[in-house]
Visitor: 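Structure below; questions to follow.
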Amino acid sequence: MNSLATVTALLAAAVLFVPLFRKLGLGSVLGYLVAGVLIGPSVVGIVHEPEAILHTAEFGVALLMFLVGLELQRERLWALRASVFGLGAMQFFTCGAVLAGIAWTLGLSVSAALIVGVALTMTSTAFMLPALAERNELDSTYGREAFAVSLFQDLSVIPILAAVALLGSPAEGTTAPGWPALATLVAVILLGRPILHLLFRFASRFGTHEIFTAAALLTTVGLAWLMTKVGLSATLGAFVAGVLLADSEFRHELEASIEPFETLLLGLFFMAVGMSMNLKLLAEKPAIVFSLALGILAIKAIVFYLARRFITHAADAIARPQALALAVGGEFAFVLFTAAQSSKILTANQAELLNIAVVLTMVFAPLLWILNDRILTPWITRGEEDAPFDRIDDPAKPVIIAGFGRVGQIVGRVLNLRSIAFTALDASPDAVDSIRKFGNKIYYGDATRLDLLRAAKAHDAKVLVVCVDDMAAALSIVRTAQKHFPNLKIFARARNRTHLLELRELGVHHIERETFAASVELARSVLSAFDADAARVDATLATFVEHDIALLDRQEAIFRDEKRLIDVSKTARAELQNIFEEDANLDRRGAGLAHEQQNKN
């Protein structure tokens, strides 16, 4: 079959199956996998060489890791260190030890059992991140921590590949990673930032947008290729490239340039994985293959869940979905099983059986989410009584105001002036009764509940204004709205600076601190009592506001790290003081020169 027909078949399968599976709530990844199985050699046979497509599509995983690296500014990476090296190490060693022990009891050698345990412990970043993004849970607590665990796994690639080379007998012509690989990685980290900065400055100054995109692809491909030449993974090279550029001024333009290629190639990767499934082996040994796949999912989820609950004392609402997200097998297992086979640690039959089991974990993973959302979660919370709420019979309104206290009421009054209809919700029965006495229409209910938002016709609304007093409730409302009503534009009231940073972390950008503007105006009145120069008072407050907004941007990436946050705040305070002292010195020098000039005259 010619290449044009192959491309047509791939695109047609994606267009048909991916929207269907997303509509069914099974996720786009499963749609790509099933499409690949159907057009692959085991079913219709439109594509006869999935290995060639898989080799090309692996570039999509590299681009994904490049984009992941772009999001990790140094401050954010440092702030995540506890989750990466604490939670990540816990998942890696607990799940790895259990899986390796089971593999050894099933008859594998010690070296083979260790490699199998490590390979099966790895989670698919290419599967997990898009799946969480589709559920609008990537910025949730468990989503961020699941990402930190996968980041630890990516960083562990070097010692894992080195261990494969040491435990087995390397095949002729292969390169075993060791000190040269580590030296190369260190050199890239030390020299890469200034070199890449010069490259992109040159491309942005003298080239077109297409040349800039080419430079971005060159960086990703080049570092991926370099890592493979020293025995490391291409995804690690792409990830390092992203990290090196995370703090550059080109970060946002790089994301926009790379994302279309990443989305398309990542879908192609999963289709190629589906094509490579050996359905003949599945038909010959269905009990073994399905048991192995389900066993991997169950063991990883249960072991991590128990460790998370009893070692870190995490709440069930965090540990359970996190365990599900990390249970799926990873694409790195394919690389590791191939390396183990080349090093004569695993036989070809063992590697093939494990490969198809890992693919099946990706197929079963979306079904686990459905089981959790529709059966497990309702069963766990069945004894909890739902708070009552008013029946909302009104038609859909363009605005929903969650929390109708002093802030929400002012927003509502202004909307009334422009005849913009809104639905007001409040969780305090006393407040609702008091507001109704003045003739205002308001509904009683807890806006953190999905059923109340649905009753308020949130799916047809345009704007959600979150004005509740309770900060945790406000964050819960935002997460629920983002997950189930992604088209809603969210505006939020922040109780304080920390609340604002937490809302920003969730992706809310229309935020107002409830006391900031009033406090600045009060400060204006106080300064005016000491300084009659209104222009100078305005300049002082404008400098303060500008500096405070810039400080928020600096604190956003590190506000979970208290020590680092304190250091940055102290530095910023000193910087602001220096600004005003320099302005005062300039004023004094200007006044002195004016006085001297007056004396001369």
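Numbering starts at 1 and runs along the sequence shown. What you see below is based on every heavy atom in this structure, not just the backbone, and it leaves out hydrogens, waters and symmetry mates.
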Visitor: Using modelled atom types and a 3.5 Å cut-off, is there a donor and acceptor pairing between side-chain atoms of H499 and backbone atoms of R495?
Guide: yes
Visitor: Hey, does the side chain of D446 reach the backbone of A427 with a donor-acceptor pair shorter than 3.5 angstrom?
Guide: no
Visitor: Do you know the tightest heavy-atom contact between A424 and F404?
Guide: CB-CD1, 3.7 Å
Visitor: Side chains of I401 and T423: does their closest heavy-atom pair fall under 4.5 Å?
Guide: no
Visitor: So, are K397 and D460 salt-bridged, with charged N and O less than 4.0 Å apart?
Guide: no
Visitor: Just to verify, what does S476 make a side-chain hydrogen bond (donor to acceptor under 3.5 Å, both in side chains) with, not counting sequence neighbours?
Guide: none
Visitor: Could you report the tightest heavy-atom contact between G192 and L244, atom names first, then the distance?
Guide: CA-CD1, 3.9 Å
Visitor: Give a yes or no answer on whether the side chain of Q153 reaches the backbone of T123 with a donor-acceptor pair at less than 3.5 Å.
Guide: yes
Visitor: Any side-chain hydrogen bond (donor to acceptor under 3.5 Å, both in side chains) involving residues 398-413? Give me the pairs, sequence neighbours left out, ordered by first then second residue.
Guide: R406-E514
Visitor: Between L87 and F152, does a side-chain contact (heavy atoms from CB on, under 4.5 Å) hold up when you go through it step by step?
Guide: CA-CA 9 Å; L87 195 60; F152 178 86; over 6 Å; no
Visitor: Assess whether atom CD of E546 is packed by more than 12 heavy atoms of other residues, nucleotides or ligands within 6.0 Å.
Guide: no
Visitor: Cut-off 3.5 Å, no hydrogens considered: what does the side-chain donor-acceptor table look like for residues 463-470, sequence neighbours left out?
Guide:
residue: D469; atom: OD1; partner: R493; partner atom: NH1; Å: 3.3
residue: D469; atom: OD1; partner: R493; partner atom: NH2; Å: 2.8
residue: D470; atom: OD1; partner: A472; partner atom: N; Å: 3.1
residue: D470; atom: OD1; partner: A473; partner atom: N; Å: 2.7

Visitor: Using every non-hydrogen atom in the two residues, find where I511 and L500 come nearest and quote the distance to one decimal.
Guide: CD1-O, 3.8 Å
Visitor: Is the shortest heavy-atom distance from the side chain of V149 to the side chain of M90 under 4.5 Å?
Guide: no
